[in-house]
Amino acid sequence: MKSILKDIINIKLEDLRSTYDFEYPIFYEIEIPKKKEFGDYSTNVALILSKILKKNPREIANLIVSDLKSDLFCKIDIAGPGFINFFLNHVTMKKMLEDLSSDFDTFLSPKSPKRRRIFIEYVSANPTGPLHVGHGRGACIGSSLSNILRELGHEVYEEFYVNDAGTQIKNLGLSIILKAKELKGERVEYTNDCYRGEYLTDIASEFIKNVDNLELSDDLVNRASLFGKRIILNWIVRDLEDFGVTFDNFQSELELYKKGYVDECIREMQKRGIVYEKDGAVWFKSTEFYDDKDRVLVKENGDKTYFASDIAYHKLKFEKGYDLYINIWGADHHGYVPRVKSAIKALGYDENKLNILMVQMVSLYRDKKPVTMSKRSGDFVTLREVLDEVGKEPMRFTFLTRKHDSPLDFDIDLVKQKTSDNPVFYVQYMFARINSVLKVATERGIKIPDKIRLNKLCLEEEKELIKQLFAFPDVLFDVEYFLEPHLLAYYLINLAQTFHSYYNAHRFINENDLELTNSRISLLILLQKVIKKGLSLLGIDSPERM
RNA sequence: GCGCCCGUAGCUCAGUAGGAUAGAGCAACAGACUUCUAAUCUGUGGGUCAGGGGUUCGAAUCCCUUCGGGCGCGCCA
């Protein structure tokens with residue numbers, strides 16, 4: 001509906017351009033006002049235009065409204081400082097409903113006008129330990145965003161970058177060996193670089209079964225690293241799957257080295273004259289771009305830095321020629337953004353195609369007290385622990401009802417409660433309730449209509465619900481524009497609110513008025529489809545009974 | 001010290017290309033189940049949008065500044 005209104009207004013704007021000179025297109029809003037007296041739809045176009053033309057907004061609104069050719073509305077008001085409020089007439093309403101009913105599946109799955117190829121990288125946790133809760137937040141946002149973008153018709157490729165090379169992996173191997181020695185009764189001393197926590201015991205005790213000699217050597221460390229890495233990666237994959245997150249690919253950093261991409265990338269940068277040598281190391285002139293310091297690519301000892309392979313990774317991504325790249329990173333990596341953007345630009349790619357979302361920290365609470373320690377991991381609370389305790393649905397929904405850039409307090413007790421703070425049940429309950437009504441209707445011998453007919457609906461609540469239904473595609477487009485899946489979560493909560501209120505005020509099944517019953521049941525079917533689709537885009541199930 | 005993010009009701013949070021009287025849920029209080037699921041609904045109270053200044057017809061939203069909280073500033077990954 002919004003797009004129809006936009007078309008009408010845009011034609012009018014074109015007209016105005018012949019008299020006044022202004023740039024086009026301009027951004028303005030069409031919204032469903034909170035107050036009924038402001039109409040069914042409302043736009044601020046005159047207010048926006050007044051700024052550009054330096055004219056009284058109400059005057060402009062008059063220009064736009066005067067001889068507006070449209071029989072869709074019974075009234076068009078100019079209100080307040082210059083809002084234009086549209087009131088739909090009955091014919092339009094009916095027409096909207098007919099359109100909606102005739103092809104609801106197309107409506108449920110709106111397509112973006114421009115199909116894009118989108119590459120999204122998220123989680124990308126080091127395979128040196130189990131995932132923690134913060135990874136879960138990134139995973140949620142990444143997977144929901146991917147679902148929605150794919151639904152809108154984009155080609156979406158989801159990737160997890162595995163940092164399976166470098167010092168931290170060596171440390172993992174070393175930690176496993178030390179733990180193994182300890183299990184065999186040896187006294188060992190752990191250094192500060194070593195990983196601790198219970199999970200190492202699991203790995204080490206498996207490792208012992210495969211080796212006879214625990215004498216420390218480069219070869220053994222390698223074997224242990226590889227061994228541990230493989231097990232941990234399996235945990236990660238399984239945890240993610242249980243959390244409703246899957247990837248198209250896990251890209252190994254080690255493989256980038258093995259295939260020579262990293263060396264090739266450094267050579268390319270040398271060729272472009274954006275690196276230099278100093279103090280025996282190779283540096284990237286990132287200060288020529290966005291960075292405040294130059295960065296080392298090859299250390300004095302000949303090792304490449306993590307940054308070097310990360311550049312190679314991004315080069316590889318950009319060679320694939322996607323239209324948009326999304327990276328979801330923990331907020332503690334924000335200092336890393338300028339150097340990566342610098343590298344992409346330096347290599348001749350458009351760094352603006354890379355959109356980095358910083359996901360803020362998750363602080364865990366139990367009974368209002370902060371939780372930081374975990375036996376399992378040694379120092380952080382794992383995704384698995386919380387997932388097992390509170391369940392996938394409440395956990396996902398809690399993450400998805402927050403904007404990614406605001407820090408999140410996650411109270412385990414509150415999220416577990418089935419009646420209070422977590423609105424996921426509220427939304428799911430809507431689905432279950434509708435399901436129950438449909439069941440009862442069938443039991444009473446009322447046929448579920450195969451043709452959707454909404455013509456008998458005339459209550460205010462029904463009109464409101466239908467208007468909200470119409471907003472569903474707009475919400476998905478907003479998510480696409482802002483890259484903010486939480487907008488969908490809030491839409492679902494609002495829809496459920498309107499529904500529950502309607503449910504309590506009116507009865508759907510009325511044997512004395514089968515036509516009305518039919519219309520209401522039709523509406524329920526549509527509502528049910530929207531809620532199910534919305535929840536599934538967020539990676540949340542719709543249980544038939546609760 | 002420098003940089004990024006955050007600060008909205010008692011609590012957890014929405015409010016996004018500046019717009020109309022700043023909204024939900026929880027908690028508090030008062031009500032609604034002989035009915036299609038009460039995990040629900042109806043109503044009441046609750047605000048210096050951290051403070052101050054600026055930009056303009058208009059600021060929670062943009063700019064400056066102060067204060068508070070988080071995070072980052074390696075030839076670590």
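Nothing here was measured: the structure is a model prediction, and the numbers come from that model. Just the heavy atoms: all of them, side chains too, but no hydrogens, waters or symmetry mates, feed the values below. A note on names: the letters A, B, ... follow the listed sequences, proteins ahead of strands, and every chain is numbered from 1.
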[X]: salt bridge (Lys or Arg N to Asp or Glu O under 4.0 Å) partners, not counting sequence neighbours:
| X | answer |
| --- | --- |
| A/Arg295 | A/Asp291, A/Asp292 |
| A/Lys75 | A/Asp77 |
| A/Asp263 | A/Lys304 |
| A/Glu121 | A/Lys317 |

Residues within residues 513-523 of chain A bordering RNA chain B, heavy-atom distance below 4.0 Å:
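Heavy-atom contacts with RNA chain B come from no residue of residues 513-523 of chain A; none.
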Side-chain N,O ([X]) to OP1/OP2 ([N]) below 4.0 Å:
| X | N | value |
| --- | --- | --- |
| A/Arg433 | B/U40 | no |
| A/Ser406 | B/A14 | yes |
| A/Gln497 | B/G25 | yes |
| A/His486 | B/G15 | yes |

Check nucleotides 28-31 of chain B for protein N or O atoms closer than 3.5 Å to its own N or O atoms and list the pairs.
none

Mind checking ring pair (Phe, Tyr, Trp, His ring centres under 6.0 Å) for [X] and listing every partner two or more places apart, or none if nothing turns up?
| X | result |
| --- | --- |
| A/Tyr429 | A/His500 |
| A/Tyr199 | none |
| A/Phe399 | A/Phe410 |

Can you give me the N/O atom pairs linking the protein to nucleotides 72-77 of chain B at distances under 3.5 Å, or say none if there are none?
unit_1 : atom_1 : unit_2   : atom_2 : d
B/C73  : O3'    : A/Lys293 : NZ     : 3.1
B/C73  : O2'    : A/Lys293 : NZ     : 2.9
B/C75  : O2     : A/Glu300 : N      : 2.7
B/C75  : N4     : A/Asp279 : O      : 3.1
B/C76  : OP2    : A/Lys299 : NZ     : 3.1
B/A77  : OP1    : A/Lys299 : NZ     : 3.0
B/A77  : OP2    : A/Tyr306 : N      : 3.3
B/A77  : O3'    : A/Ala165 : O      : 3.3
B/A77  : O3'    : A/Gln168 : OE1    : 2.4
B/A77  : O3'    : A/Gln168 : NE2    : 3.0
B/A77  : O2'    : A/Asn126 : ND2    : 3.1
B/A77  : O2'    : A/Gln168 : OE1    : 3.1
B/A77  : O2'    : A/Gln168 : NE2    : 3.1

Please report, to 0.1 Å, the donor-acceptor pairs under 3.5 Å made by any side chain of residues 357-366 of chain A, with sequence neighbours excluded.
unit_1   : atom_1 : unit_2   : atom_2 : d
A/Arg366 : NH1    : A/Glu389 : OE2    : 2.9
A/Arg366 : NH2    : A/Glu389 : OE1    : 3.0

* Would you list the pairs meeting ring-ring contact (aromatic ring centres under 6.0 Å, His included) in which at least one residue belongs to residues 505-526 of chain A, sequence neighbours left out? =>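 Output for this query lists A/Tyr502-A/His506, A/Tyr502-A/Phe508, A/Tyr503-A/Phe508.
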Review point. Looking at the rings of A/Phe250 and A/Phe160, which for Trp means the six-membered one, are their centres under 6.0 Å apart?
Key: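 Ring centroids of A/Phe250 and A/Phe160 are less than 6.0 Å from each other.
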